[in-house]
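Here's the structure, in structure tokens; my notes come after.
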Amino acid sequence: MSCDQPVPEPDPAPVATPSPGPAAAVPPARDHALAGTPADDPAETAFLGLLAAGAPAEDYERPVLRARADGASAARLAALERAKLRALRVRAELEGRRRREAELSALHATAHDLAGLRDPDAVLRAIVRRARSLLGTEVAYLTLHDPAAGDTFMRVTDGSVSARFQQLRLGMGEGLGGLVAQTARPYVTDSYFHDERFRHTRSIDSGVHDEGLVAILGVPLMLGSGVIGVLFAADRRERVFEHGEIALLAAHAAHAAVAIDTARLLAETRKTLTELEAANEIIRDRSAAVERASDIHDRLTELVLRGGGVLDVADALAEVLHGDVEFTEPGGAPAAALDRSRADGHAVREGEEWVAAVGAGGEVLGALVLRGHPALDPVDQRTLERAAMVTSLLLLARRTAGEAEQRVRGELLDDLLNAADRDPRLLGERAARVGADLGVPHVVLAARTDETPPAGAAPPPDGADRRRLWSAASHLAATRHGLAAVRDGGAVLLLPLGPGGDPAHTAREIAARLGAALHQPVTVGASAPVPAPAARPAAVAGAYAEARRCGEALRVLGRAGQGAAAADFGFLGLLLADTRDVDGFVHRTLGAVADYDARRGTELLRTLGAYFAGGMSPARTKDALHVHVNTVAQRLERVSRLLGPDWQSPARALEIQLALRLHQLSSAVARDTGR
């Protein structure tokens with residue numbers, strides 16, 4: 001389409017000018033034509049009767065025909081002809097006024113209907129239907145201006161049957177509609193394809209041909225001085241659109257343009273209101289999120305000030321975010337999400353969970369995991385991240401306090417090991433300040449890792465194993481109200497023993513727990529119970545030496561990673577222990593047999609002595625005891641049930657023989673003392 005193409009001058013004849021309203025006065029010329037006849041002239045009276053009755057035009061010939069049949073004079077007939085013509089002119093004027101009144105009523109009804117519509121599409125459909133109804137055409141349609149493309153496009157049709165016609169686009173000056181849009185003036189054609197006043201194009205002509213249109217009237221839809229579209233009325237036969245019809249469609253188009261603009265403005269207003277409601281909803285959500293963030297900020301501040309812990313932070317966050325929040329150790333959170341959160345410094349989504357890394361510097365201390373929120377508002381996400389920061393501060397503060405307490409506990413244990421002349425009262429008071437009671441029995445434990453060098457050897461350059469062992473031992477001692485310190489390349493613990501406490505069991509438990517914490521074997525030796533460390537500080541140093549000997553014995557015997565006390569080593573325990581508990585060794589080894597003899601009056605101990613003295617031969621044993629061999633067999637069977645089936649193994653046999661000798665010596669000493 002080219003807007004430079006000269007626009008042909010429209011034929012002035014088809015362009016209608018609005019007719020005066022029904023109340024307009026009869027033109028003076030017509031009043032003069034009627035003034036020459038007396039009001040009581042019978043001829044005038046007849047024609048006035050016809051006018052009053054609204055008779056058809058052919059009835060106005062009857063008075064003239066009747067007068068001619070009656071032989072009226074030529075003057076009379078001429079007067080009747082003049083009266084007839086005047087009456088017909090009056091009739092035509094009245095018909096025109098009635099038609100214009102009907103058209104104006106229809107326009108008023110149309111304007112009223114259009115004013116009640118709010119949907120733009122409904123307005124356009126109503127405009128086209130009314131146009132077709134007002135002019136009584138077979139087809140009506142409407143095109144709208146496309147500012148981006150610079151043309152008009154078919155928007156609504158009524159009575160159309162051609163799909164190609166319903167999709168037409170008309171460039172400025174192309175076709176009758178393009179000419180109307182370009183000139184902003186009405187155009188009418190009685191025969192579209194024979195009209196050369198506008199530019200024909202193949203696409204437009206094909207669409208018009210498919211629809212079968214012949215006579216087309218198009219009027220512009222004007223808003224101010226701009227054309228927003230074109231309204232058409234068309235027939236599939238040749239038709240002459242009168243001036244009144246052109247004016248009627250133009251007036252309808254004027255109302256339609258206002259209705260279109262009003263509907264457009266209303267639609268834009270509704271859209272704006274919808275957007276404002278959405279924006280208000282977002283503002284309300286953001287305000288609620290900000291209030292939640294402020295609430296959690298106040299709560300976290302209060303928690304820090306009153307000394308709250310990590311679990312308190314998780315509970316407060318869960319209440320504010322309406323979800324499930326958990327603090328986990330580094331291994332308890334999804335590894336990939338934890339790495340992303342640590343790298344980005346933000347909370348990240350992992351499935352149905354949100355993970356916020358808790359760390360300080362390059363160290364990851366754990367994570368806050370939020371469940372129950374697949375989607376998280378940015379403000380709430382920031383709240384989760386802020387809670388993670390507070391959690392890291394609490395953990396660092398707790399670690400700092402813990403390290404300080406560990407140092408205090410370590411210094412106290414060092415004083416117990418190094419200074420035997422310390423004031424017991426002061427030692428007890430210092431222990432009470434860290435939650436330890438040195439007035440009850442304790443056990444000393446010496447712990448070492450496999451990587452820990454032997455006593456006197458240089459530790460690893462970085463001391464990493466020693467620091468980790470000390471940290472784990474200090475934590476364990478604090479939870480059990482004991483003390484821990486670093487010593488001789490390992491760790492030493494002083495832990496309370498409950499009523500009936502077994503040092504060997506405690507050593508095995510501590511070895512297992514430290515090994516799990518360090519993820520490597522930890523060997524633990526235990527001392528005999530120390531009744532009251534505060535009252536006897538010197539006993540602590542001796543107990544530590546015993547615990548170290550037990551630990552070294554475990555390593556030499558290939559039992560690294562285990563825990564044991566002197567009692568677990570049989571006769572070797574006599575060498576390891578400071579107390580040389582001979583009676584205890586004898587009782588642990590032969591107590592079951594001795595007790596049986598005491599209860600039943602049997603001689604199982606004497607039988608065991610003869611059995612070992614005879615080279616573990618039942619025959620020599622029965623000769624030494626002067627009993628039947630079956631009696632020896634029965635006694636040895638009873639010993640097996642009391643000592644266990646392995647009592648004759650070399651190691652057990654050696655311990656039993658040593659215990660028998662010690663028992664005989666102690667019995668002899670007791671007899672001598674009795675004399």
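Note that the coordinates shown come from a computational prediction; the quantities given were computed from them, not determined experimentally.
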Kindly give the heavy-atom pair with the smallest separation between [X] and [Y], and that separation in Å.
X	Y	answer
Ala446	Tyr544	CB-CE1, 4.1 Å
Ala526	Leu445	CB-CD2, 3.6 Å
Ala367	Val355	CB-CG1, 4.1 Å
Leu514	Ala447	CD1-CB, 3.9 Å
Val530	Ala543	CG2-CB, 3.6 Å
Ala491	Ala473	CB-CB, 4.0 Å

Check whether any side-chain N or O of [X] sits under 3.5 Å from a backbone N or O of [Y] as a donor-acceptor pair, and report yes or no.
X	Y	answer
Asp324	Ala318	no
Arg349	Gly351	yes
Gln381	Ala347	yes
Ser617	Gly614	no
Ser341	Ala357	yes
Thr506	Asp502	yes

Trace of the side-chain contact (heavy atoms from CB on, under 4.5 Å) decision for Arg513 with Leu476
CA-CA 8 Å; Arg513 296 186 64 175; Leu476 191 57; 3.4 Å; yes
Taking it one step at a time, do Val639 and Arg635 satisfy side-chain contact (heavy atoms from CB on, under 4.5 Å)?
CA-CA 6 Å; Val639 169; Arg635 290 179 180 179; 5.7 Å; no
Residues [X], [Y]: salt bridge by 4.0 Å N-O rule:
X	Y	value
Arg480	Glu509	yes
Glu637	Arg641	yes
Arg342	Asp339	yes

Side-chain contact test, heavy atoms from C-beta onward, threshold under 4.5 Å: evaluate it for [X] versus [Y] and give yes or no.
X	Y	answer
Leu604	Leu642	yes
Leu660	Leu608	yes
Pro496	Asp437	no
Asp488	Arg548	yes
Asp315	Leu317	no
Asp380	Arg382	no
Pro503	Pro529	yes
Gln648	Met616	yes

How far apart are the C-alpha atoms of Val593 and Leu643, what are their side-chain angles, what is the distance that settles it, and do they pass the side-chain contact (heavy atoms from CB on, under 4.5 Å) test?
CA-CA 8 Å; Val593 177; Leu643 298 182; 3.7 Å; yes
Over 60° means perpendicular and under 30° means parallel, so classify the ring planes of Phe612 and Trp647, tilted if in between.
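The rings of Trp647 and Phe612 stand perpendicular, inter-plane angle above 60°.
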Applying side-chain contact (heavy atoms from CB on, under 4.5 Å) between Val443 and each of Leu497, Leu494, Ile510, report the one that passes.
Leu497
Give the C-alpha distance, both sets of side-chain angles, the deciding distance and a yes or no for side-chain contact (heavy atoms from CB on, under 4.5 Å) between Trp354 and Val369.
CA-CA 6 Å; Trp354 284 86; Val369 180; over 6 Å; no
Would you compute the distance between atom [atom1] of [X] and atom [atom2] of [Y] and round it to the nearest 0.5 angstrom?
X	Y	atom1	atom2	result
Thr621	Leu636	OG1	CG	7.0 Å
Arg448	Arg487	CZ	CZ	13.5 Å
Arg468	His519	CZ	NE2	7.5 Å
Leu384	Met389	CG	CE	12.5 Å
Leu493	Ser474	CG	OG	7.5 Å
Glu385	His346	CD	NE2	5.5 Å

